[in-house]
Each structure stands twice: as structure tokens, then as C-alpha cells.
Amino acid sequence: MKPGRVFGGRAAVIAVPFAWLAAFFLLPFLVVAKISVSEMETTTISDIVAWKDGAIAFSLKFGNYVLLTQDSLYFNTYLASLKYAAVTTLLCLAIGYPFAYFMARSRRTLQPALVMLVMLPFWTSFLLRVYAWKALLTEQGLAANAIEKVGLDRLLAALGLIPGPGQLMNTPFSLVLGMTYTYLPFMILPLYSNLAKMDLRLLEAASDLGATAWTAFWKVTVPLSRAGVVAGAMLVFIPCVGEYVIPELLGGPQTQMIGRTLWDEFFSNNDWPMACTVAVTMVLLVIVPVAVFSRYQAEVQERRT
């Protein structure tokens, strides 16, 4: 095969995803960024570039970005979004890692069934699953009754996660529970994919060298599964930051996240520039962990080669 054809094929393969990202991420992001520095008129958005007196005039309004740093509402909602997303990610990791490890070490014939069980919730509407938790956690709901019978509600109240015993809905507990349940498969699947490809002869070598099962797990399995941990953490953390449906249905006023703030700015206040400012800032906050993940993946790939 000629070098020119190889280069052309490689360029085409690289160009397709870049074109996709440019069309469906970069261009919409630039539109949102443009609105964020525009002036909101009665029903329209003013242009940032205009022709006046034979010259091109730029009109950029950065007051919304200044307001973000001055109004505690936005700071608190950003902080709450990052906090609940981080807690959800840690819980998904704590629950998902043992499950993924069990799946990877189970019989080959059993693994497809286990993967199907993980993906089974996706067969039901996301909205229906969230509404189901709302029914389970309300007074006299099945989950609420079970929690009250074992006394877990009193422990949650002592930790400040619910206002008092029996009050499970519209609390940080119900919010984190709903997000953990929803995004748990996004943690399990990357971990399972990573652990299933691990060379088990490394564990045998560690055992031959005198390592216990626990030591081999921490020294061999966990380091080799870091890529899966990071991938799963990003898949959980990023959508949790901008989550709107779950906080709206399961959370309360004290658990307002940035998604609700965006909704209020767009539809309640009809302030599209401010809403776009909040959205742009949120995207920039999310890009940081994505960049960290990409750098980590590149370093891992360099070590392997």
C-alpha cells in the first residue's frame, strides 16, 4: 500500500471525530458563549457586532461574568453541584468496584448475564426510574418503611442528611441515592471492561513471591485498574454536575444544583445571557477533569509503548 493512501486514510479517520465535535460541541458552545456576552432586549438577543457610521462596532457585555463572582447564589449552587457530584462518584466507585471485580472474576459463561443485569435499568425510561424512587421514599413507601424499620433514618438524621426520622424525601439523602442508582452502571461497565482484560498471571506471580491475596489486590489489581476508575469517575461526575431532573424530583430547596439555576434563568427570569454565562462557566469547570483524564490516558499509553 502506498504511503499516500495510508496517510489519507489516517487523516480521514482522525478528521471524522474532530468534525463531529466541531459541529455538535464547538459550534453550539460558541453560540452559547456569544449569547453570554450579549445584551438581552425585550424578546431578542442583541448582536455583538454591528456596523455604525462606516465602522464595525463590537458590543461585549462581561457584567454577567462579574455577577457570578459577586452573587453567592451562583457560587453556592456551583459548590453544591460539585459536592453532590463528588459524593455520588465516590459512592458509585465504592459500590461498583466490588461488583465489577466479581463480574470480571466470574465464569465466562456467566459474565454476559451479569452485564445484561447491569444494563437492565436502561431498558426503562430514565424518568420512570426516578419517579419510582420518589414513590419508594415517600411516607409509607417500601424503601421508606424498610429504612425506618432498621433505624437507618435515625442515623441519617444524626448525620444531618435528613431533617428528622422518617423525612426521607426532598433531602440530600434522597438526591444522592437517586443519582447513585442512576449513574452506577456508568461506573461498573468501564471497571468491568478494564478488570476483565487484566492478565491473571500477574496475580499468580505476586502469590509466588509471597504476597497475600489482599496485598496482591492493592499492589497489582488496583494500579492496573486505574484507567477504568478514572473513566468511570468521569462518566459519573460530569453528568452529575449538570443534573436537573433528579434534583428537581428527589431533592429540595436546600439541594439546589446548577441545573435548576440554569432553568430559572432561562424560563423564569427570561435572562438568556445570564443563563448562558452560567452554562459556559459550568462547561469550563467540567473541561478541567476531562483534560486531566486525557492527560492521564496519554501518559498510560506512553508507558505501555
Side-chain angles (χ1 to χ4, degrees), residues 6 10 13-14 17 82-122 150 152 155-156 159 161 173 176-241 285-305:
V6 175
R10 184 181 301 173
V13 170
I14 296 174
L82 295 174
K83 178 180 69 175
Y84 289 124
V87 171
T88 301
T89 303
L90 291 175
L91 287 175
C92 286
L93 179 60
I95 300 171
Y97 199 103
F99 196 89
Y101 186 86
F102 169 76
M103 291 171 59
R105 298 296 178 266
S106 61
R107 297 195 309 271
R108 291 290 181 182
T109 56
L110 186 61
Q111 290 182 13
L114 295 175
V115 173
M116 186 189 70
L117 289 176
V118 173
M119 300 180 65
L120 198 60
F122 292 113
V150 299
L152 184 59
L155 175 61
L156 294 173
L159 294 174
L161 297 177
F173 167 74
V176 173
L177 177 63
M179 291 203 300
T180 301
Y181 164 78
T182 301
Y183 291 104
L184 183 60
F186 294 95
M187 178 66 75
I188 293 176
L189 293 176
L191 283 171
Y192 163 72
S193 176
N194 186 268
L195 291 169
K197 295 184 294 184
M198 195 180 78
D199 191 350
L200 298 181
R201 292 176 297 179
L202 297 174
L203 297 177
E204 296 177 1
S207 178
D208 292 339
L209 293 173
T212 63
W214 188 250
T215 302
F217 173 77
W218 279 110
K219 298 293 185 180
V220 179
T221 304
V222 172
L224 291 177
S225 62
R226 282 177 185 170
V229 171
V230 175
M234 293 298 100
L235 289 174
V236 174
F237 181 83
I238 291 173
C240 280
V241 171
L285 287 175
V286 170
I287 283 178
V288 173
V290 172
V292 172
F293 171 66
S294 299
R295 182 176 179 181
Y296 174 79
Q297 288 288 81
E299 290 177 355
V300 171
Q301 191 66 26
E302 287 178 2
R303 292 195 199 107
R304 289 178 179 176
T305 55

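Bear in mind the structure is a predicted one, so any value in this text is a computation, not a measurement.
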**Asked** Between Tyr181 and Pro121, which heavy-atom pair has the shortest distance, and what is it?
**Response** OH-CB, 4.1 Å
**Request:** Please examine the side chains of Val222 and Tyr97, heavy atoms only from C-beta on, and report whether any two atoms are closer than 4.5 Å.
**Result:** yes
**Complete:** Nearest heavy-atom approach of Ala85 to Cys240 is CB-CB, 3.7 Å
**Message:** Tell me every residue that passes side-chain hydrogen bond (donor to acceptor under 3.5 Å, both in side chains) with Thr109, counting only those two or more places apart in sequence or in another chain.
**Reply:** none
**Message:** For a 4.5 angstrom cut-off between non-hydrogen side-chain atoms, does Met187 reach Thr89?
**Reply:** yes
**Between CG on residue Leu93 and CD1 on residue Ile188, distance to nearest 0.5 Å** = 11.0 Å
**Asked** Any side-chain heavy atom of Leu91 within less than 4.5 Å of one from Met179?
**Response** no
**Prompt:** Do Phe99 and Leu191 come within less than 4.5 Å of each other through their side chains, counting heavy atoms only?
**Reply:** no
**Asked** Are the side chains of Leu114 and Tyr192 in touch, meaning some heavy atoms are under 4.5 Å apart?
**Response** no
**Asked** Does Thr88 use its side chain to pair, donor to acceptor, with the backbone of Tyr84 at less than 3.5 Å?
**Response** yes
**Request:** Please check if the side chain of Ser106 supplies one atom and the backbone of Met103 the other of a donor-acceptor pair under 3.5 Å.
**Result:** yes
**Asked** Is the distance between the ring centroids of Phe186 and Phe122 under 6.0 Å?
**Response** yes
**Side-chain donor-acceptor pair present, Tyr101, Ser225, cut-off under 3.5 Å** = no
**Message:** Measuring from atom CG of Leu90 to atom CD1 of Ile95, what distance do you get when rounded to the nearest 0.5 angstrom?
**Reply:** 11.0 Å
**Request:** Please say which of Val87, Thr182, Leu184 ends up in a side-chain contact (heavy atoms from CB on, under 4.5 Å) with Cys92.
**Result:** Leu184
**Prompt:** So which pairs with a foot in residues 90-117 pass salt bridge (Lys or Arg N to Asp or Glu O under 4.0 Å), sequence neighbours left out?
**Reply:** none
